[in-house]
Number of protein chains: 2
Amino acid sequence: MSTFRGARQPTIKEVASRAGVSPMTVSRTLAGGRNVRPDVQERVMEAVKELGYYRNENARSLRPGQPSGLVGVAITNLANPYYGNFALGVEEVAAEHGRRILLGNTGEDDARERQLVSDFIGRQVDGLILVPTSGDAEHLRPERLGDVPLVLASRRVPGLEVDTVLLDDVGGAYRGTRSLLDAGHTRIGFLGNRSSVFTGERRYRGYERAMLEHGAAIDPRIVFRDQQDVAAAARAAKAMFDLADAPTAVFSANNRNTIGAIREIGRRIRDGEPLHPAVVSFDDFELSELMPVPVTVIDHDARLLGREAATLLFSRLDGTAEDGPRTVELPVSIEFP
Amino acid sequence: MSTFRGARQPTIKEVASRAGVSPMTVSRTLAGGRNVRPDVQERVMEAVKELGYYRNENARSLRPGQPSGLVGVAITNLANPYYGNFALGVEEVAAEHGRRILLGNTGEDDARERQLVSDFIGRQVDGLILVPTSGDAEHLRPERLGDVPLVLASRRVPGLEVDTVLLDDVGGAYRGTRSLLDAGHTRIGFLGNRSSVFTGERRYRGYERAMLEHGAAIDPRIVFRDQQDVAAAARAAKAMFDLADAPTAVFSANNRNTIGAIREIGRRIRDGEPLHPAVVSFDDFELSELMPVPVTVIDHDARLLGREAATLLFSRLDGTAEDGPRTVELPVSIEFP
DNA sequence: CTGTTAGCGCCTTCAC
DNA sequence: GTGAAGGCGCTAACAG
């Protein structure tokens, strides 16, 4: 029972000898058949089929200047449906351009991100798409990447000027908070990410701006900015509603916080508490219309974000792109209950 | 503004000449440094750093018998959080084994699956993990794959005997349906996938077995087996509840059908209909505890399924595996409301 | 301990 | 319209 040595694939030589031609003729046939007699092409294709031959793409891309046809994609958390959709968008556009994606999950770990990126470079990717973990920019500088084009998605990296696709975090959070203020709420709690997370910071800024503009006070006791998962969010919501002067409305900066908050609110309602806060959620979730409290959703399209990132990358690869780094900010839409 | 030609990476030769040694010494150093003087190693590593050199993995794996370190993964729908988690599980185990994944989305399209698989083979993947679209087995036969090991996940392909990871679909559906019967329901509707989808068929079988065993009649008018998305599921649920003799409980064979059914039920309840069916859902979903009707969930771990698939594959690659094709069937757990 | 040779699979370039 | 030579980046095998 010896170690599996990697099945040997048939090579162009074997196809050639089977078809009674030289490897060059096989190569030319596979490249479209220019300057190869039709009957010879036919013999070649037959040999290809019989042997189950597939052209070795790795050997092909060995030649300098030959693209590998690979795009390296590193995201923070594939378990989050949002990033699944993002990856799908990237994959779709890559496929449309005849490229394949190498996918890695960073889990918000800087070291893992570095490791993935260098591996991708070692595999000769034509480009990189990255949802960066809030870290330093050193390992992402163009010269460190051997000038492989890089597109950032969802978040920026401080000090790194590259093509970027973002959501309108600030505007969405502003408008969401605004809708609560317009409905008469002034005591509005905030649930969100660590401020070190780019989107966490931006969404807080939108909340803050709306509050200040309206002359509403921001009470630090109902601002919770450190929840990265549902359980933590539920605990924060509990602390918020345990206050004597609990908020009458909650702005939640992302899906995870929304689920946690609503879980806590639902629990209290089932326990008979006379609690009916309005909720605004950045990020959509399914069945939001069936929640025990009305939920306003700030919706956006992760798949589109992925498509935009890939489009940006390929425009760079095709040389269609202008020179400077570009930023695309996708709009969000507000859906009232 | 010419086309971007793929940034040329520094090669082992450049590192060698910079460090004043031969390429072999660089190669040896990078391979761990056996038989290289420490001070020379240091010089080499310095040159590597200065030049930003990354070993070209594609060139490396050109050598026959050398694994590429790549695993091809094709799934049906990355937008489905279930498969996002599955992909994550595969990625994790692959990373633990120092492998990277090439990810493709088939969208339940046979042609696309064939295309992806041949591309993966052309890129010299060491193995394949596939959630097959219910199609034929021809293009997946070992000889067509150049004997690259293949693991199927979630579904089987008729006539293809390979390593497979499945859920206990039949048992889960049986127990779920059984719990409804035990609660006194006998008129139980079924919502599910096309029977051509492997899991759709298996889950129906579990439902059917429980019903027949209990002596409950299966009324074709409340069995809907052709819904692949939420909208279709909601329509099916509507048809079901529009009947004069509507069911008192619903068994839903997957997440998409559950969401559709509950959306429809919620709508009717809001409209004042005196409707309170019990629901059993194969597949978990968030906030199921807050639904307007009690939902029993047949839960399972997609990420674990991915991990198992990858584990099966790597045991094959390491030669640890026994000979015959193996099937792993993961248990499901039932969570009552 | 280090270097030279040769060859992996493919394709550009140059003959014929 | 076809083939032979050579080289892409890397490393086993064989010197020294």
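These figures come from a predicted structure and were not determined experimentally. Residue numbers begin at 1 in each chain, while the letters A, B, ... track the order of the sequences.
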S.K.: Please check if atom CZ in R55(B) has more than 12 non-hydrogen atoms from other residues, nucleotides or ligands closer than 6.0 Å.
M.R.: yes

S.K.: Return the nearest nucleotide to the side chain of L62(B); candidates are dG9(C), dC1(C), dG3(C).
M.R.: dG9(C)

S.K.: From the options dC10(D), dC10(C), dG3(D), select the nucleotide whose nearest atom is closest to the side chain of A59(B).
M.R.: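 Among the listed nucleotides, the one closest to the side chain of A59(B) is dC10(D).
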
S.K.: Angle, rounded to 10°, between the helical axes spanning five pairs at each terminus of the helix from dC1(C)-dG16(D) to dC16(C)-dG1(D)?
M.R.: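 Between the first-five-pair axis and the last-five-pair axis there is 40°.
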
S.K.: Once you round it to whole Å, what is the distance between C1' of dG9(C) and CG of N58(A)?
M.R.: 10 Å

S.K.: Just grab all the side-chain hydrogen bond (donor to acceptor under 3.5 Å, both in side chains) pairs involving residues 76-88 of chain A, residues at least two apart or on different chains.
M.R.: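 Found Y82(A)-H300(A).
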
S.K.: Would you classify R55(A) as touching base, sugar-phosphate or nothing, given that sugar-phosphate means primed atoms plus P, OP1 and OP2, and contacts are heavy atoms under 4.0 Å?
M.R.: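 Contact class for R55(A): sugar-phosphate only.
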
S.K.: Take a 6.0 Å sphere around CD of E96(A) and say whether it holds more than 12 heavy atoms from other residues, nucleotides or ligands.
M.R.: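 Atom CD in E96(A) is crowded, with more than 12 foreign heavy atoms closer than 6.0 Å.
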
S.K.: Should we say atom CD of E42(B) is surrounded by more than 12 heavy atoms from elsewhere, each under 6.0 Å from it?
M.R.: no

S.K.: Of all the choices, dT12(C), dT2(D), dC10(D), which nucleotide is nearest to the side chain of R28(A) once you look at every atom?
M.R.: dT2(D)

S.K.: Rounding to a whole Å, what distance do you find between Q9(A):CD and dC8(C):P?
M.R.: 16 Å

S.K.: Looking at every strand, decide which applies to R63(B) at a 4.0 Å heavy-atom threshold: base, sugar-phosphate, or nothing.
M.R.: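 Here R63(B) touches the bases of the nucleic acid.
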
S.K.: Can you measure Q124(B) atom CD to dC10(C) atom P for me and round it to whole angstrom units?
M.R.: 8 Å

S.K.: So what does N35(A) hit on the nucleic acid, given a heavy-atom distance under 4.0 Å: a base, only sugar-phosphate, or nothing?
M.R.: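 N35(A): base contact, heavy atoms under 4.0 Å.
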
S.K.: Could you check how far CD1 of I12(B) sits from P of dA12(D), rounded to whole Å?
M.R.: 11 Å

S.K.: dG9(C), dT11(D), dT2(C): which one has an atom nearest the side-chain heavy atoms of T11(A)?
M.R.: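 Looking only at heavy atoms from C-beta outward on T11(A), the closest nucleotide is dG9(C).
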
S.K.: Mind calculating the distance between CZ (R123(A)) and C1' (dG9(D)) to the nearest angstrom?
M.R.: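 So the CZ-C1' distance, R123(A) to dG9(D), works out to 15 Å.
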
S.K.: Assuming nearest nucleotide by heavy-atom distance, tell me which of Y54(A) and T25(B) is located more 5' along DNA chain C.
M.R.: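 With Y54(A) and T25(B) compared, the 5'-side residue is T25(B).
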
S.K.: Any side-chain heavy atom of I12(B) within less than 4.5 Å of one from Y53(B)?
M.R.: yes

S.K.: Please pick, from dT2(C), dG3(D), dG9(C), the nucleotide with the shortest atom-to-atom distance to any side-chain atom of R37(B).
M.R.: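 The nucleotide sitting nearest to the side chain is dT2(C).
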
S.K.: Is it true that atom CZ of R303(A) has more than 12 heavy atoms of other residues, nucleotides or ligands lying nearer than 6.0 Å?
M.R.: no

S.K.: Rounded to the Å, how far apart are R34(B) CZ and dA13(D) P?
M.R.: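 Between P of dA13(D) and CZ of R34(B): 14 Å.
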
S.K.: Check whether any side-chain heavy atom of R123(B) lies under 4.5 Å from a side-chain heavy atom of L70(A), and answer yes or no.
M.R.: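 Of all side-chain heavy-atom pairs linking L70(A) with R123(B), at least one is under 4.5 Å.
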
S.K.: What integer distance in Å separates M24(A):CE from dC10(C):P?
M.R.: 12 Å

S.K.: Round to a whole Å and report the spacing from CG of N56(A) to C1' of dG9(D).
M.R.: 14 Å

S.K.: Could I get the full list of side-chain contact (heavy atoms from CB on, under 4.5 Å) partners for A94(A), not counting sequence neighbours?
M.R.: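 R99(A), I101(A), F314(A).
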
S.K.: Taking only the side-chain nitrogens and oxygens of S27(A), find out if one of them lies under 4.0 Å from OP1 or OP2 of dC11(C).
M.R.: yes

